[in-house]
Asks: 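Take this structure, written in C-alpha cells, and hold onto it; I'll ask about it next.
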Amino acid sequence: MKILLCFGTRPEAIKMAPLYHELKKHEAFEVIVCVTAQHREMLDQVLDFFEIIPDYDLDVMQPNQTLNGLSSQILSKMDTVLNDANPDLVLVHGDTTTSAMVALATFHKGIKVGHVEAGLRTYNKKAPFPEELNRQLTGRIADFHFSPTLKASQNLLSEGVKNKAVVVTGNTVVDALYLTLEKLENGFTNETIEYLKGKINFNNKVILVTGHRRESFGEGFENICKAILELSKNKELEIIYPVHLNPNVQETVYKMLSGFENILLIEPLDYPSFVWLMSKSSLIISDSGGIQEEAPSFNIPVLVTREATERDEGIKAGCSYLVGNDMSKIVDIANKLLQLKLSRETHPNPYGDGKASEKIVNFIKNNL
Ligand code: UD1
Ligand code: UDP
C-alpha cells in the first residue's frame, strides 16, 4: 500500500515525523512524503532533525503570503504530485492551509484521506482564524479520523462522522517529544543549546514566550508585548522569546521588546533546542497549539494568549490558563503561576502517552 504523508508547516512536520518513522517500520507500506513548504526555514529545521527527505517539495512559501495565494498554489501543484505518486491513501495533519487544500486536492482525485489530529473544535470561525474552518473542512473530506483525545472524537461523532471511521490515538506530538527527550538524555546537543547555556542565567526563573495567531495581529500582539514589558521589570526573571518568522509578528515584537536586559529575542529555535529550553522554563506564555500539548509533560503552566482554545483538556486539568490578550490578566496570572509548582501525579499529560503513531499505524493495517 502506498501512503503519501503531506505537510507544510513546522508543527505539522513535528507531529508527522514520528508517524513517518513508525510507518517506515512496516514492509507492507511504501511511504512517501510531500512537503508543500508553506513554511521554509522553520520546516527545514524539523526535516533535518527528524531525518526526513521529502520525495516532493512544492516550495510554495512567499514572503508575507496571502491565504488565497497560498491555497491556490497548493491546490494546483498537488495535481502533479497526486498524478505522479498515485497513492492509495494521503495523510494530512491538523488545521493549516496545507491540511485543508491537500485534503481537497486529494478528494478531487478520488483518493482516500486520513486526518491526523482530527476533531479539534472551538466552533468559532474567527478563533482560531483560519484554522477552525480548515479543520472542519478537512474533517468533512477525510475518510479516516485520528483523534488525539476522546473529546475530539466526540466532536466528530456529534457531526455525524461514522464511529468506525474514528479512532482515539493520543497526539503524535507527545511521541515527537519523547523521541527528542530520549536524544537529549543521551547527550544530544547542538550549537544553539550551547549558546543558550552561555547566554541565560538559569539561577533566575525563565519565562518562555511564543506567538503567531493571525487573529492577534496588531492590538492583540501589542497588549501581549506590554504584559511582557511589565513582567520584565522583575529582574529575577529572564524572558526568552523565539520570534516567529511571520513579518506581522516580527515587526511588533522587535519594535516593542528590543533592547531590554532580561528579554532575549531570538530566531525560531530548532525543535531539540526548544524542547531543551521548555524543560528549563518555569512558565510559558504562548498561543501555540503544540506547546499547550507539550508543556504538561514538563509540568510547566502555559498562559494561553487566545480568546478560545480547542484544547480544553489542558485547561480542565489545570495545565493551561486561557488569558486572551488582556495585559493585566496576563501579568496577574503569570505572577501567581510563577509561585506554583505543578506535580506530575496531579497533572498527567492529557494529550497522549507517546504511542499515538503506533495506534494510527495499527488502525491503517487493520482497516485499509
Ligand atoms: C501557519 C499556519 C498556522 C500554524 C502556524 C505554525 C495557516 C493559515 N497558518 O501560520 O495554522 O499554526 O503556521 O507556525 O495555515 N515565514 C518565513 N519562514 C518560515 C515560515 C514563515 O519567512 O519558515 C514567513 C513568510 O513571510 C510567510 C509568513 O511567515 O509568508 C506566514 O506564513 P504562513 O504559513 O502563511 O502563516 P503562519 O503565521 O506561519
Ligand atoms: N517550536 C519549535 N521552535 C520554536 C517554537 C516552537 O520547535 O522556536 C515547536 C514547539 O515545540 C511545538 C511547535 O513548534 O511542537 C508549535 O509550533 P507553532 O506554535 O508554530 O504552531 P501551532 O502548534 O500553534 O500550530
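What's counted below: heavy atoms across the whole structure, side chains too, no hydrogens, waters or symmetry copies. When a ligand or atom number is given, it counts from 1 through the structure's own listing order. Throughout, residue positions are numbered sequentially from 1 according to the sequence presented. Quantities reported herein were computed from a predicted structural model and do not represent experimental measurements.
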Asks: Are any of the N or O atoms of Arg213 closer than 3.5 Å to those of ligand 1?
Replies: yes
Asks: Yes or no: does Glu267 have any heavy atom under 4.0 Å from an atom of ligand 2?
Replies: no
Asks: Assess the side chains of Ser297 and Glu294: does a donor N or O sit below 3.5 Å from an acceptor N or O?
Replies: no
Asks: Can you check whether Asp287 has an N/O within less than 3.5 Å of an N/O in ligand 2?
Replies: no
Asks: May I ask you to identify the nearest protein heavy atom to atom 34 (O) of ligand 1, giving residue, atom name and distance to one decimal place in Å?
Replies: Gln38 NE2, 2.9 Å
Asks: What I want to check is whether the side chains of Asn234 and Ser232 have a donor and an acceptor closer together than 3.5 Å.
Replies: no
Asks: For ligand 1, which atoms sit closer than 4.0 Å to a heavy atom of Arg40?
Replies: 19 (C), 23 (O)
Asks: Can you tell me the protein heavy atom closest to atom 19 (O) of ligand 2 and the distance?
Replies: Ser288 OG, 2.8 Å
Asks: Quick one: look up the protein heavy atom nearest atom 26 (O) of ligand 1 and list residue, atom name and how far away it is.
Replies: Asn64 N, 2.8 Å
Asks: Record the part of Phe274 in heavy-atom contact with ligand 2 below 4.0 Å; permitted values are side chain, backbone, both and neither.
Replies: side chain
Asks: Taking heavy atoms and a distance under 4.0 Å, where does Ser288 meet ligand 1: side chain, backbone, both or neither?
Replies: neither
Asks: Hydrogens and angles aside, do Thr172 and Glu117 bring a side-chain donor and acceptor to less than 3.5 Å of each other?
Replies: no
Asks: Check the side chains of Lys109 and Asn83 for a donor-acceptor pair under 3.5 angstrom, ignoring hydrogens and angles.
Replies: yes
Asks: Nearest heavy atom to atom 22 (O) of ligand 1 wins, so pick from His244, Met61, Arg135.
Replies: Met61
Asks: Identify the protein heavy atom lying closest to atom 8 (C) of ligand 1, giving its residue, its atom name and the separation to 0.1 Å.
Replies: Thr97 OG1, 3.2 Å
Asks: Is Glu131 touching ligand 1 with its side chain, its backbone, both, or neither, if touching means heavy atoms under 4.0 Å apart?
Replies: side chain
Asks: Using a 4.0 Å heavy-atom cut-off, say whether Pro130 meets ligand 1 through its side chain, its backbone, both or neither.
Replies: side chain
Asks: Does Lys197 NZ have over 12 foreign heavy atoms under 6.0 Å away?
Replies: yes
Asks: Considering the options Tyr271, Tyr195, Phe188, Phe202, which one meets the ring pair (Phe, Tyr, Trp, His ring centres under 6.0 Å) requirement together with Trp276?
Replies: Phe202
Asks: In the protein, which heavy atom is nearest to atom 4 (C) of ligand 2, and how far is it?
Replies: Arg10 NH1, 3.1 Å
Asks: Please report which non-hydrogen protein atom sits nearest to atom 25 (O) of ligand 2, along with the residue it belongs to and the distance in Å to one decimal place.
Replies: Pro11 CG, 3.4 Å
Asks: Taking atom CZ as the centre, does Phe50 end up with more than 12 heavy-atom neighbours from other residues, nucleotides or ligands that are less than 6.0 angstrom away?
Replies: yes
Asks: Quick one: does Arg213 get an N or O within less than 3.5 Å of an N or O on ligand 2?
Replies: yes
Asks: Measure the distance from atom 23 (O) of ligand 2 to every protein heavy atom, then report the residue, atom name and distance (to 0.1 Å) of the closest one.
Replies: Gly290 N, 2.7 Å
Asks: Hey, which atoms in ligand 1 end up nearer than 4.0 Å to a heavy atom of Met42?
Replies: 19 (C), 20 (C), 23 (O)
Asks: Please report whether ligand 1 has a polar contact with Glu41, defined as an N or O pair separated by less than 3.5 Å (distance criterion only).
Replies: yes
Asks: State whether a side-chain donor-acceptor pair under 3.5 Å links Ser320 with Gln292.
Replies: no
Asks: Say whether Thr96 and Glu12, considering side chains only, have a donor N or O and an acceptor N or O under 3.5 Å apart.
Replies: yes
Asks: Going by heavy-atom distance to atom 8 (O) of ligand 2, choose the closest among Thr192, Thr96, Leu269.
Replies: Leu269
Asks: Using the side-chain contact (heavy atoms from CB on, under 4.5 Å) rule, pick out the option among Val46, Leu23, Val92, Leu91 that qualifies with Met16.
Replies: Leu91
Asks: Record the part of Gln62 in heavy-atom contact with ligand 1 below 4.0 Å; permitted values are side chain, backbone, both and neither.
Replies: backbone
Asks: Using a 4.0 Å heavy-atom threshold (strictly under), name the region of Asn246 that reaches ligand 1: side chain, backbone, both or neither.
Replies: both
Asks: In the protein, what heavy atom is nearest to atom 35 (O) of ligand 1, and what distance, to one decimal place, separates them?
Replies: Gln65 NE2, 2.9 Å
Asks: Just by modelled atom types, is the Lys2 backbone N or O under 3.5 Å from a matching donor or acceptor in the Asp88 side chain?
Replies: yes
Asks: Counting only heavy atoms not in Phe217, do more than 12 fall under 6.0 Å of its CZ?
Replies: yes
Asks: Do the side-chain N and O atoms of Thr122 and Glu132 include a donor-acceptor pair separated by under 3.5 angstrom?
Replies: yes
Asks: What are the two closest heavy atoms between Leu277 and Ile240, and how far apart are they?
Replies: CD2-CG2, 3.8 Å
Asks: Nearest to atom 13 (C) of ligand 2, what protein heavy atom do you find, and at what distance?
Replies: Ile14 CD1, 3.8 Å
Asks: Considering heavy atoms of the protein only, find what lies nearest to atom 39 (O) of ligand 1 and give residue, atom and distance to 0.1 Å.
Replies: His39 NE2, 2.6 Å
Asks: Can Glu22 and Lys25 be said to form a salt bridge (Lys or Arg N to Asp or Glu O under 4.0 Å), step by step?
Replies: CA-CA 5 Å; Glu22 189 62 36; Lys25 289 183 189 162; 3.0 Å; yes
Asks: Examine the proximity of ligand 1 to Leu67 and report which part, side chain or backbone, both or neither, has a heavy atom under 4.0 Å away.
Replies: side chain
Asks: Go through ligand 2 atom by atom and flag the ones less than 4.0 Å from a non-hydrogen atom of Pro268.
Replies: 8 (O)
Asks: Looking at atom 10 (C) of ligand 2, what's its closest protein heavy atom, distance included?
Replies: Glu294 OE1, 3.4 Å
Asks: Which part of His212 is near ligand 2, with near meaning a heavy atom under 4.0 Å away: side chain, backbone, both or neither?
Replies: side chain
Asks: Please work out which of Arg214, His212, Glu12, Gln250 has its closest non-hydrogen atom nearest to atom 37 (P) of ligand 1.
Replies: Arg214
Asks: Checking a contact table here: which protein heavy atom is nearest atom 24 (C) of ligand 1, and how many Å away?
Replies: Leu245 O, 3.5 Å
Asks: Can a side-chain donor-acceptor contact be found between Asp175 and Ser357 if the only test is distance below 3.5 angstrom?
Replies: yes
Asks: Pull out every atom of ligand 2 sitting under 4.0 Å from any heavy atom of Gly289, numbered as shown with elements.
Replies: 22 (P), 23 (O), 24 (O)
Asks: Just by distance, do the side chain of Thr106 and the backbone of Val90 share a donor-acceptor pair under 3.5 Å?
Replies: no
Asks: Go through the side-chain N and O atoms of Ser286 and Thr210 and say whether any donor and acceptor fall under 3.5 Å apart.
Replies: yes
